[in-house]
Amino acid sequence: MDFSFLGDYKYFFINGTRITIMLAFFAVLFGIMIGIILAMLKISHNKILRAIASSYIEFIRGTPLLVQLFIIYYGLPYLGIQFPDFPLFGQNIGDFMAGVIAMSINSGAYVAEIFRAGIQAVDKGQMEAARSLGMPYLMAMKKIILPQAFKNILPALGNEFIVVIKESAIVSIIGIHDLMYNADTVRGNTYKPFAPLIVAALIYFVVTFTLSKFVGLLEKRMDTA
Amino acid sequence: MSMIEISDLNKYFGKLHVLKGIDLKVETGEVVVVIGPSGSGKSTLLRCLNRLEEPSSGDIVFEGLSILDDENNDINKLRQKMGMVFQQFNLFNHMDVMENITLAPIKLKNLKQAEAVSVARDLLDKVGLLEKEKAYPAQLSGGQQQRIAIARALAMSPDVMLFDEPTSALDPEMVGDVLKVMKDLAAEGMTMIIVTHEMSFARDVADRVLIMDEGIIIEEGNPQKIFNQPEHPRAKDFLSRVLGIF
Ligand SMILES: Nc1ncnc2c1ncn2[C@@H]1O[C@H](COP(=O)(O)OP(=O)(O)OP(=O)(O)O)[C@@H](O)[C@H]1O
Ligand SMILES: [Mg+2]
């Protein structure tokens with residue numbers, strides 16, 4: 001197979017990888033925020049709040065990411081919410097935002113379950129000790145429970161980051177210049193239908209494999225700690 | 001007015017009736033020791049006092065304020081005045097000793113960091129662990145953790161200290177250090193309610209001993225009376241088992 005196109009087109013892959021990683025990073029970051037809130041609702045004593053969180057989680061997990069992406073990308077402007085329209089990092093910021101929003105809404109549902117399990121794994125004596133000192137519930141959550149839960153679920157969040165990187169290839173459909181989109185562009189420009197995809201696959205693999213090794217190290221360090 | 005006035009306190013766990021109309025008054029400076037068989041409701045009673053368990057009915061008035069009256073009283077404020085020490089210590093695992101002790105005073109009483117640290121050092125000195133301020137809970141023995149937990153509770157300058165079997169999870173050789181700290185506290189006039197199986201401690205330190213059985217207080221009085229002339233047959237039964245007398 002001939003990879004000589006890399007000379008002319010390597011920046012397509014480099015820039016695409018950058019966009020993919022940035023997108024996944026922001027998606028997981030906002031996904032964590034959504035996930036924490038959902039997890040808190042899920043463990044609250046209020047039935048209605050629990051029902052809201054459960055519905056969200058079930059709905060997101062029960063519908064394809066592609067549909068969610070289209071609902072955000074086409075649906076929000078239809079409802080009168082316009083995404084900004086100017087370039088940033090060689091990428092239309094509005095499209096990028098739509099991708100990040102859809103991916104975080106999706107990731108949030110999965111992160112919620114990770115956090116719920118993490119919070120419930122913290123010994124309940126920790127909450128009781130905090131409350132007995134007079135800390136309000138949310139302060140005890142923030143200062144005592146979440147930091148310990150966070151530490152325990154760091155590997156799971158690392159895995160979620162890996163999942164999001166892989167699934168993010170789908171945003172190429174709405175024209176975000178991520179790794180997948182740029183690989184496709186190279187195919188069109190070079191009339192090589194196959195080789196650019198191999199390059200993209202290798203890059204995805206190297207990124208996720210490196211991350212999963214990193215997660216493995218994290219897990220090991222926590223076992224010994 | 002007594003510091004704590006419990007009236008007709010009932011607690012159900014589902015159908016299980018765990019506290020059956022408890023009436024109890026605790027005076028300022030008094031040391032009350034609660035003993036009784038396993039499952040008799042001692043922990044539940046203590047935990048109702050600061051509402052870690054929600055009472056099913058009845059009232060608990062602390063320093064003239066009902067802890068159940070959320071309309072007028074802030075339970076979080078009331079809890080600041082009631083220190084609690086747990087069987088399992090429950091130190092915050094992700095914080096070192098100094099952070100464990102200073103977190104609540106800084107966050108809840110708006111103490112300056114430096115003030116809180118200086119208060120904490122006094123308390124660490126008092127419990128004999130001044131050199132441990134940088135240690136994490138996992139690096140401490142059970143007895144050390146429990147003394148830190150006592151210091152953490154004291155850092156809020158509570159008016160009453162609640163102890164739920166503070167030495168039950170400790171290796172025997174650690175028990176003495178913790179009991180000594182508690183004795184010192186009692187000698188300083190701290191109001192204390194202590195659930196314990198340490199009968200000699202009860203005898204030495206308690207102003208009043210309560211025996212609980214199946215959700216009621218079956219016997220109460222000063223230690224001499226309780227340990228020498230218990231009246232209730234079940235009290236005799238219990239004491240004969242734990243003391244090997246009668
Ligand atoms: N959260 C709970 N849910 C259901 N039942 C409970 C709960 N906590 C306690 N109980 C039950 O209530 C009863 C009293 O328990 P409690 O812990 O107050 O007893 P105790 O006197 O402290 O016993 P021990 O000496 O073993 O600590 C027991 O039958 C116990 O099983
Ligand atoms: Mg108990």
Side-chain angles (χ1 to χ4, degrees), chain A residues 32-33 35-36 39-40 43-50 111 114-158 215 217-225, chain B residues 43 46-54 67 73-95 99-110 136-139 145-146 148-164 169:
Chain A
I32 286 173
M33 293 176 195
I36 290 178
M40 304 265 291
I43 59 172
S44 85
H45 292 291
N46 185 316
K47 259 193 192 144
I48 298 168
L49 297 182
R50 278 208 310 271
V111 172
I114 296 174
F115 262 97
R116 188 188 53 74
I119 289 170
Q120 284 175 343
V122 176
D123 187 274
K124 78 180 198 337
Q126 296 284 306
M127 179 56 105
E128 291 186 344
R131 298 306 304 278
S132 76
L133 288 165
M135 287 186 214
Y137 178 79
L138 286 180
M139 184 193 287
M141 245 323 162
K142 188 169 143 218
K143 291 280 163 196
I144 307 301
I145 308 302
L146 286 177
Q148 296 185 56
F150 198 76
K151 214 175 126 207
N152 292 336
I153 64 177
L154 218 51
L157 290 178
V215 168
L217 271 178
L218 215 64
E219 268 170 339
K220 228 190 231 141
R221 242 191 53 194
M222 277 173 38
D223 281 348
T224 54
Chain B
S43 297
L46 213 58
R47 292 160 57 83
C48 279
L49 279 176
N50 65 357
R51 263 177 84 185
L52 284 185
E53 298 294 351
E54 200 62 35
I67 68 154
N73 304 322
D74 178 359
I75 182 64
N76 292 322
K77 279 263 179 286
L78 295 174
R79 279 177 176 149
Q80 293 181 21
K81 295 268 125 205
M82 313 170 112
M84 186 169 229
V85 175
F86 301 84
Q87 185 174 348
Q88 298 300 336
F89 333 130
N90 296 341
L91 290 183
F92 303 135
N93 298 313
H94 60 307
M95 294 180 172
E99 291 169 318
N100 260 280
I101 300 175
T102 55
L103 176 70
I106 290 172
K107 287 284 162 197
L108 301 172
K109 303 212 311 181
N110 298 317
Y136 280 82
Q139 301 164 327
Q145 290 189 53
Q146 193 61 299
I148 301 295
I150 294 172
R152 176 178 68 179
L154 290 174
M156 290 300 287
S157 7
D159 292 340
V160 59
M161 288 283 286
L162 313 173
F163 293 84
D164 190 1

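Both backbone and side-chain heavy atoms feed into the values below; hydrogens, waters and symmetry mates do not. Predicted, not measured: the structure shown is a model, and the values here were computed from it.
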**Request:** I would like to know whether Met84(B) and Leu133(A) meet side-chain contact (heavy atoms from CB on, under 4.5 Å); could you show each step before the answer?
**Result:** CA-CA 8 Å; Met84(B) 186 169 229; Leu133(A) 288 165; over 6 Å; no

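- When every heavy atom of Gln148(A) is checked against every heavy atom of His94(B), the shortest pair comes out as NE2-ND1, 3.2 Å.
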**Asked** When you look at Met135(A) and Leu103(B), which way does the side-chain contact (heavy atoms from CB on, under 4.5 Å) test go after all the steps?
**Response** CA-CA 10 Å; Met135(A) 287 186 214; Leu103(B) 176 70; 3.4 Å; yes

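- A 6.0 Å sphere centred on NZ of Lys107(B) holds no more than 12 heavy atoms belonging to other residues, nucleotides or ligands.
- Only the backbone of Met82(B) comes within less than 4.5 Å of a heavy atom in chain A; its side chain stays farther off.
- The shortest distance between side-chain heavy atoms of Ser132(A) and Val85(B) does not fall below 4.5 Å.
- Chain A forms more heavy-atom pairs under 4.5 Å with one residue of Asn93(B), Asn50(B), Leu52(B) than with any other, namely Asn93(B).
- Interface residue Met139(A): only side-chain heavy atoms are found under 4.5 Å from chain B.
- Across all non-hydrogen atoms, the minimal contact from Arg131(A) to Arg79(B) is O-CD, 3.0 Å.
- Atom NZ of residue Lys124(A) and atom CG of residue Asn90(B) lie 8.5 Å apart, to the nearest 0.5 angstrom.
- The part of Arg47(B) that comes within reach of chain A is its side chain, from C-beta onward, which places non-hydrogen atoms under 4.5 angstrom from that chain.
- Between chain A and the options Phe89(B), Phe86(B), Phe92(B), the largest number of non-hydrogen pairs under 4.5 Å is found for Phe92(B).
- Across Pro147(A), Gly125(A), Gly134(A), the residue that shares the most heavy-atom pairs under 4.5 angstrom with chain B is Gly134(A).
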